[in-house]
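The chain is numbered in sequence order, starting from 1.
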Amino acid sequence: MLKRERQAYIVHQVNLHNKVLSASLSSDIDVSEDTIRRDLQELSEVGKLIKVHGGALSLAFNDITYPSKKIYSQDNKKIIADKAAGLIKDGMFILTGGGTTIVELARALPVSLSATFISGSIPAIVEYMHHPNLEVIVIGDKLSKNSKITLGADALSRIKSLKPDLCFLGINAIDLNHGITDNDWDVVQLKQAMIKAAKKVVLLSISEKVNSVQPIKVCDLCDIDMLITELDSNDPIFKPYIEAGINVT
């Protein structure tokens, strides 16, 4: 793979998954981690990504709010957000994770909606604050500067004490055999706690992440209730997931 092709692949993976690990890129592309680190440094210097220890973040993590021009596949995420917003009814308690699709969900909520939203995602919380009829509960007290989400024992403890009607989670990867996977250990702990706490778990994902795998397992397919993507549920890609018992919309 030429350097130009390699760096294009890296940028695409960063935009798709929001975060990438140097070790995973090294394995995927079959080059040394030193080569990956040099690529990440060069791409950071020209403003293509944010280089961090052990990997890189998408530019969407550079601000508290997500500028539209920096959101990967934003049109598709808006479609997903509109579908997800239709599930929320007045009086519900809603638990949400972080990520750009969750922020699009926050922006898609009807002005008339009266519900309680619980989150540790700073960008999502900012969007909820703009809504005139939402109650907002913030969980956790230790903030990840990179992902702008609360982490740690306090966040986990508060999540375990909840029983929300719905939990909306953005995901990094879903696969029939490997389930739901991610590449951030701390975020995985949060997602696992959220899944256990909620009465119903809804995953939000662009279809490009379907049939993909990341290094750390979040849960099995049987632990989720619904998958929402931008595609029609009759798309052939979803047939095995529907057969596995997942409601796809």
Side-chain angles (χ1 to χ4, degrees), residues 1 3-67 69-73 96-103 119-126 138-157 159 169-173 178 180-194 205 208-209 212-219:
M1 186 180 292
K3 179 180 179 179
R4 182 175 60 184
E5 297 172 330
R6 187 175 68 240
Q7 292 193 350
Y9 175 84
I10 292 171
V11 170
H12 180 260
Q13 291 301 304
V14 171
N15 287 332
L16 178 61
H17 297 294
N18 292 325
K19 176 182 178 180
V20 294
L21 304 177
S22 298
S24 294
L25 289 172
S26 173
S27 175
D28 291 344
I29 305 175
D30 194 24
V31 296
S32 70
E33 286 196 47
D34 284 341
T35 298
I36 295 297
R37 280 192 286 269
R38 287 194 295 271
D39 284 338
L40 294 180
Q41 184 61 43
E42 289 180 16
L43 291 168
S44 175
E45 289 172 355
V46 295
K48 296 291 186 180
L49 49 75
I50 303 168
K51 187 177 183 298
V52 296
H53 178 71
L57 301 174
S58 75
L59 295 176
F61 284 103
N62 202 33
D63 301 294
I64 292 179
T65 56
Y66 291 130
K69 64 181 180 179
K70 295 180 181 177
I71 297 179
Y72 178 75
S73 195
T96 69
T100 52
T101 309
I102 295 294
V103 171
S119 184
S121 166
I122 303 306
I125 290 166
V126 170
V138 181
I139 55 174
D141 59 0
K142 180 183 178 182
L143 180 67
S144 166
K145 293 182 179 180
N146 287 337
S147 59
K148 293 181 173 59
I149 194 168
T150 56
L151 304 170
D154 186 73
L156 292 173
S157 175
I159 291 169
L169 291 177
I171 60 171
N172 258 332
H178 297 87
I180 291 80
T181 53
D182 208 302
N183 58 18
D184 188 311
W185 176 257
D186 290 324
V187 171
V188 166
Q189 307 309 303
L190 283 177
K191 289 183 177 180
Q192 289 174 341
M194 290 179 173
S205 176
E208 196 172 347
K209 296 182 181 181
S212 67
V213 180
Q214 290 289 295
I216 309 171
K217 185 168 184 175
V218 177
C219 67

Can you see which heavy atom on [X] is nearest to which on [Y], and at what distance?
{"X": "Ser58", "Y": "Ile50", "answer": "O-CD1, 3.4 Å"}
{"X": "Leu49", "Y": "Ala56", "answer": "CD1-CB, 3.9 Å"}
{"X": "Ile139", "Y": "Gly120", "answer": "CG1-N, 3.6 Å"}
{"X": "Lys48", "Y": "Val11", "answer": "CB-CG2, 4.1 Å"}

Subject >> side-chain contact (heavy atoms from CB on, under 4.5 Å) between Leu25 and Tyr9, intermediate numbers included >> reply: CA-CA 9 Å; Leu25 289 172; Tyr9 175 84; 4.2 Å; yes
Is there a donor-acceptor pair under 3.5 Å between the side chain of [X] and the backbone N or O of [Y]?
{"X": "Lys209", "Y": "His17", "answer": "no"}
{"X": "Thr150", "Y": "Leu143", "answer": "no"}
{"X": "Thr96", "Y": "Ser119", "answer": "no"}

In the structure I gave you, are the side-chain heavy atoms of [X] and [Y] within less than 4.5 Å of one another anywhere?
{"X": "Trp185", "Y": "Ile216", "answer": "yes"}
{"X": "Ile149", "Y": "Ile122", "answer": "no"}
{"X": "Leu40", "Y": "Ser22", "answer": "yes"}
{"X": "Lys217", "Y": "His178", "answer": "no"}
{"X": "Ile171", "Y": "Val218", "answer": "no"}

Spacing of [X] atom [atom1] and [Y] atom [atom2] [to the nearest 0.5 Å]:
{"X": "Gln13", "Y": "Ile10", "atom1": "CD", "atom2": "CD1", "value": "9.5 Å"}
{"X": "Leu21", "Y": "Glu33", "atom1": "CG", "atom2": "CD", "value": "9.5 Å"}
{"X": "Ile159", "Y": "Gln189", "atom1": "CD1", "atom2": "CD", "value": "11.0 Å"}
{"X": "Lys51", "Y": "Leu43", "atom1": "NZ", "atom2": "CG", "value": "11.0 Å"}

Subject >> Set of side chain to side chain donor-acceptor pair (under 3.5 Å) partners for Asp182, sequence neighbours left out >> reply: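 Here the qualifying residues are Asn172, Lys191.
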Original post:
Got a sec, which residues hit side chain to side chain donor-acceptor pair (under 3.5 Å) with Asp39, two or more places apart in sequence or on another chain?
Top reply: Arg6, Gln7
Original post:
Is it true that Glu42 and Arg38 have a side-chain N and a carboxylate O under 4.0 angstrom from each other?
Top reply: no
Original post:
How far apart are the C-alpha atoms of Leu156 and Leu190, what are their side-chain angles, what is the distance that settles it, and do they pass the side-chain contact (heavy atoms from CB on, under 4.5 Å) test?
Top reply: CA-CA 6 Å; Leu156 292 173; Leu190 283 177; 4.0 Å; yes
**OP:** Show your working on side-chain contact (heavy atoms from CB on, under 4.5 Å) between His12 and Asn15 and close with a plain yes or no.
**Re:** CA-CA 5 Å; His12 180 260; Asn15 287 332; 5.9 Å; no
Subject >> Residue from Thr35, Ile29, Asp30 passing side chain to side chain contact (heavy atoms under 4.5 Å, CB included) with Ser32 >> reply: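 Output: one option passes, namely Thr35.
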Subject >> Trace of the side-chain contact (heavy atoms from CB on, under 4.5 Å) decision for Asn183 with Ser24 >> reply: CA-CA 9 Å; Asn183 58 18; Ser24 294; 5.9 Å; no
